[in-house]
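Counting convention: from 1, in listed order, for ligands and their atoms alike.
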Amino acid sequence: MTEEELLEKGYRKYYGEEVDVYFNTHICEHSGNCVRGNGEIFNLDRKPWILPDNASKEEVMRVIDTCPSGALQYVQKEGLAK
Ligand code: SF4
């Protein structure tokens with residue numbers, strides 16, 4: 001999905017340097033895969049509870065790929081110098 005589609009569907013954006021994370025609380029099934037997967041990125045005791053820059057882009061994408069509901073999504077930044 002594009003950022004526009006995600007925001008239209010009610011996802012909230014969490015800015016990261018290399019990858020932005022999007023979360024939709026209405027879709028979340030509370031499986032806990034995200035917080036168990038990486039507590040540095042996902043921590044419900046903190047605001048904001050998602051900090052995409054607390055791990056590598058690859059790790060952010062790896063954990064989000066384990067989300068069973070689709071409540072978590074990511075969009076990689078384009079045009080970054082490699
Ligand atoms: S992994 Fe997805 S469904 Fe599970 S708690 Fe996290 S956001 Fe919700």
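With ligand atoms numbered from 1 in the order given, ligand 1 contributes 3 (S), 5 (S), 7 (S), 8 (Fe) to contacts under 4.0 Å with heavy atoms of Cys28. For ligand 1, the atoms closer than 4.0 angstrom to any heavy atom of Ser69 are 2 (Fe), 3 (S). Against a heavy-atom cut-off of under 4.0 Å, His30 is close to the following atoms of ligand 1: 3 (S), 5 (S), 8 (Fe). For ligand 1, the atoms sitting less than 4.0 Å from at least one non-hydrogen atom of Glu29 are 3 (S), 8 (Fe), numbered in the order shown with element in parentheses. Annotation for ligand 1: atoms under 4.0 Å from non-hydrogen atoms of Gly32 are 4 (Fe), 5 (S). Interface of Leu72 with ligand 1, defined as ligand atoms under 4.0 Å from a residue heavy atom, comprises 7 (S).
A 6.0 Å sphere centred on CZ of Arg46 holds more than 12 heavy atoms belonging to other residues, nucleotides or ligands.
At a threshold of 2.8 Å, atom 6 (Fe) of ligand 1 has a backbone or side-chain N, O or S atom of Cys34 nearer than that distance. Residue Cys67 does not count as close to atom 8 (Fe) of ligand 1, with no N, O or S atom under 2.8 Å.
Between Phe23 and Trp49, the ring planes lie perpendicular to each other; the angle is over 60°, past the 30° to 60° tilted range.
For Lys77 (side chain) and Gly16 (main-chain N/O), a donor-acceptor pair under 3.5 Å exists by modelled atom type.
Under 4.0 angstrom from ligand 1, the non-hydrogen atoms of Phe23 all belong to its side chain.
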